[in-house]
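Structure, as structure tokens:
No hydrogens, no waters, no symmetry mates; every other heavy atom, side chains included, goes into these values.
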Amino acid sequence: MKNVSPSRVIIYGAVSRPPSDSPRALDKIKQLIHRAIDRFAIKLNFHQRIDYKNYERRWTYNRGDLAIADSVQETLKKIGCTLPAVRANWGELSEVGLTDLDTVIVAGSGYIHPDKTGNLHVRIFSDYHAFAKSQCRVALIGIGVNVLLDWDRSKATHLAPDSRDVLEKIFQLCSSITVRDEYSQKIIQQLGNHPASIIGDPALFLSEQGSEHNDKKPDSGPRIGLSIPFHGTEPTEWIRDNIKSFVEFLRKIQKSKKARFEYFLHYDSERLVYEVMRDYGLDVTLREGDTQTLLRHYHDLDLHIGGMLHSCIMASSQRIPTIALAYDAKHFGFFKLLEREEFCVYNQSLDYSNLHSLIDKIINNLPTQRQKLDKKIKQLETGYRDAISNAVSMETPAIARVH
């Protein structure tokens with residue numbers, strides 16, 4: 001008989017650990033040249049030239065996905081879990097050497113991400129076979145369903161038969177299923193009788209980097225964070241069409257409110273966005289680094305405007321009111337969970353007058369805005385900690401064995 005007591009916790013995420021590769025000197029020179037050419041093209045109004053694929057390399061990754069894994073490991077320590085934790089990125093389960101002694105925590109992100117024809121990535125099929133073969137314990141913690149807002153939803157949410165089948169099999173293996181938002185819950189429930197509770201995104205529960213927010217000097221303006229995605233087709237099209245007018249709007253805010261802008265780098269290719277903003281005359285400071293470094297900078301903001309969902313989530317974790325420039329259903333799901341739907345706007349129909357009003361609403365009521373965020377996050381955090389505890393608990397029923 002196989003032992004069902006877990007010996008390791010496998011934190012399985014989109015980016016559970018950063019890539020081991022790093023750019024060489026020649027790689028850095030090539031990237032500099034790419035950015036210089038793109039910046040020059042944008043100055044000449046040849047925006048259509050820019051392409052995020054020119055910046056995709058083995059070492060590029062999403063800092064928000066890493067923050068999810070950091071949150072899970074941090075919470076394991078907080079609940080007193082003494083099991084060794086092993087981090088594995090999506091597609092790496094075969095390298096971990098799974099056994100029936102292990103517990104795999106599938107940590108957040110858009111784990112379910114159908115393409116426009118309803119097909120899931122081949123990784124999902126490989127994951128199922130790894131789970132079933134090893135007979136390990138599996139818990140889905142705060143996972144999400146990613147569906148772009150301009151997709152034909154009848155196709156995007158109608159899974160292909162083999163994709164639907166493999167998801168049902170994975171759900172049957174899970175000791176627990178928790179999701180980040182209501183939309184993800186509905187999709188999972190459509191697939192069968194699978195209880196899925198909403199707990200929020202794990203990165204929302206990263207520890208605050210200070211107990212007090214610094215008061216501004218009387219003559220200083222608000223510190224406003226920025227994050228614009230540049231790692232996919234749809235975000236690239238938005239940059240091509242809107243970056244100039246968006247920066248013009250920010251410059252007006254900077255002038256009228258003495259605002260200090262800080263750009264938070266969540267994906268390596270976004271360095272171009274930061275440099276283009278400066279080229280257009282915006283006074284903006286670059287913030288980059290690991291999860292803790294970014295959180296410290298987020299904590300010092302008054303307001304954040306983010307296109308990257310996890311920039312919004314990480315800012316919110318520090319009780320910083322946030323405005324989302326949404327391109328995906330996941331943005332609206334997150335802001336609905338926080339009861340802040342009015343601060344989530346669709347980026348393809350951006351109304352700068354409304355955006356200005358939202359900025360004013362936050363800045364003029366900062367203490368109240370922060371208190372509301374703090375109250376809601378604390379309400380959600382109990383469910384998140386319980387989900388992590390249940391995932392590694394000996395008392396939680398293990399998966400149904402596959403014969």
Side-chain angles (χ1 to χ4, degrees), residues 23 28 31-32 34-36 38-39 42-43 50 55 60-64 66-67 203 206 208-210 212-231 235 239 242-325 355-356 358-360 362-363 366 370:
K28 293 180 180 179
Q31 293 289 285
L32 282 171
H34 271 304
R35 291 202 304 274
D38 282 347
R39 290 167 64 187
I42 290 173
K43 286 182 179 179
I50 67 170
Y55 301 93
T60 57
Y61 69 98
N62 189 329
R63 275 63 172 176
L66 182 61
L206 286 158
E208 284 190 83
Q209 300 302 297
E212 299 291 338
H213 288 274
N214 297 327
D215 293 330
K216 299 190 302 295
K217 296 178 181 179
D219 60 342
S220 66
R223 295 178 66 169
I224 302 177
L226 301 169
S227 174
I228 301 297
F230 182 43
H231 63 283
I239 291 173
N242 298 279
I243 191 63
K244 185 175 182 179
S245 60
F246 182 61
V247 175
E248 287 176 354
F249 167 77
L250 295 177
R251 289 181 63 192
K252 292 178 182 178
I253 294 294
Q254 190 158 60
K255 183 177 181 180
S256 63
K257 299 183 182 299
K258 298 181 180 179
R260 293 168 290 168
F261 287 106
E262 302 180 16
Y263 190 93
F264 285 75
L265 191 80
H266 273 249
Y267 204 88
D268 303 79
S269 54
E270 294 171 21
R271 196 175 298 273
L272 174 66
V273 180
Y274 160 73
E275 291 178 353
V276 168
M277 285 182 168
R278 290 183 62 86
D279 289 341
Y280 277 137
L282 187 69
D283 185 2
V284 57
T285 301
L286 181 67
R287 300 301 188 192
E288 58 181 324
D290 61 13
T291 299
Q292 295 304 314
T293 299
L294 290 176
L295 288 176
R296 285 194 293 271
H297 289 303
Y298 274 122
H299 186 271
D300 291 336
L301 296 177
D302 296 299
L303 161 69
H304 182 66
I305 302 173
M308 289 289 278
L309 176 61
H310 276 91
S311 73
C312 298
I313 293 173
M314 292 176 71
S316 297
S317 78
Q318 303 304 300
R319 282 45 173 184
I320 302 303
T322 302
I323 299 171
L325 307 180
L355 185 56
H356 197 294
L358 293 176
I359 291 172
D360 283 341
I362 289 174
I363 290 176
L366 269 177
R370 287 174 176 154

Original post:
Between the main-chain N or O of Tyr267 and the side-chain N or O of Asn62, is there a donor-acceptor pair closer than 3.5 Å?
Top reply: no
Original post:
With Gln254, which residues qualify under side-chain hydrogen bond (donor to acceptor under 3.5 Å, both in side chains), at least two apart?
Top reply: none
Subject >> Close side-chain approach of His356 to Phe249, heavy-atom, < 4.5 Å >> reply: yes
Original post:
Within the side chain of Arg63, is there an N or O that forms a donor-acceptor pair under 3.5 Å with the backbone of Tyr61?
Top reply: yes
Original post:
Yes or no on side chain to side chain contact (heavy atoms under 4.5 Å, CB included) for Leu250 and Tyr280, after CA distance, side-chain angles and deciding distance?
Top reply: CA-CA 10 Å; Leu250 295 177; Tyr280 277 137; over 6 Å; no
Subject >> Inter-residue atom distance Leu355.CG - Phe246.CZ, 0.5 Å rounding >> reply: 6.5 Å
Subject >> Least distance between heavy atoms, Phe261 atom then Leu226 atom >> reply: CD2-CD1, 3.7 Å
**OP:** Report the distance from atom NE2 of His297 to atom OG1 of Thr285, rounding to the nearest 0.5 Å.
**Re:** 9.5 Å
**OP:** Any chance you could lay out the side chain to side chain contact (heavy atoms under 4.5 Å, CB included) test for Ile359 and Ile305, step after step, and finish with the verdict?
**Re:** CA-CA 9 Å; Ile359 291 172; Ile305 302 173; 3.9 Å; yes
Original post:
To the nearest 0.5 Å, what is the distance between CD (Gln31) and CG (Asp268)?
Top reply: 8.5 Å
**OP:** Please report the C-alpha distance between Lys257 and Asp360 in whole Å, then the side-chain angles of each, then the deciding distance to 0.1 Å, and finally whether the side chain to side chain contact (heavy atoms under 4.5 Å, CB included) criterion is met.
**Re:** CA-CA 10 Å; Lys257 299 183 182 299; Asp360 283 341; 2.5 Å; yes
**OP:** Return yes if a side-chain donor-acceptor contact under 3.5 Å exists between His304 and Ser227, otherwise no.
**Re:** no
Original post:
Where the side chain of Arg260 meets the backbone of Ser220, is there a donor-acceptor pair that is under 3.5 Å apart?
Top reply: no
Subject >> Min side-chain heavy-atom separation Asp300-Arg296 under 4.5 Å >> reply: no
Original post:
Which heavy atom in Ile363 sits nearest to a heavy atom in Pro222, and how many Å separate them?
Top reply: CD1-CG, 3.6 Å
**OP:** For Ala315 and Thr322, work out which heavy atoms get closest and say how close.
**Re:** CB-OG1, 3.6 Å
Original post:
If every non-hydrogen atom of Tyr55 is compared with every non-hydrogen atom of Ser269, which pair is closest and at what distance?
Top reply: CB-CB, 3.6 Å
Original post:
For Leu286 and Glu288, which heavy atoms make the closest approach, and how far apart are they?
Top reply: CD2-OE2, 3.5 Å
**OP:** Assign the ring pair Tyr263 / Tyr274 to parallel, tilted or perpendicular, where the plane angle (0 to 90°) is split at 30° and 60°.
**Re:** tilted
**OP:** Rounded to the nearest 0.5 Å, what's the gap from CD1 on Ile313 to CE on Met308? Could you check?
**Re:** 10.5 Å
Original post:
Taking atom types as modelled and ignoring hydrogens, do the side chains of Asp290 and Thr293 form a donor-acceptor contact shorter than 3.5 angstrom?
Top reply: yes
Original post:
Once you round to the nearest 0.5 Å, how far does CD1 of Ile224 lie from CD1 of Ile320?
Top reply: 12.0 Å
Subject >> Inter-residue atom distance Glu275.CD - Leu32.CG, 0.5 Å rounding >> reply: 7.5 Å
Original post:
Do Leu301 and Gln318 have side-chain heavy atoms sitting under 4.5 Å apart?
Top reply: no
Subject >> Close side-chain approach of Ile228 to His266, heavy-atom, < 4.5 Å >> reply: no
**OP:** Run the numbers on Val276 and Ile243 for side chain to side chain contact (heavy atoms under 4.5 Å, CB included), then give the verdict.
**Re:** CA-CA 8 Å; Val276 168; Ile243 191 63; 4.2 Å; yes
Subject >> Heavy-atom closest contact (Gly225 atom, Phe264 atom, distance) >> reply: CA-CE1, 3.9 Å
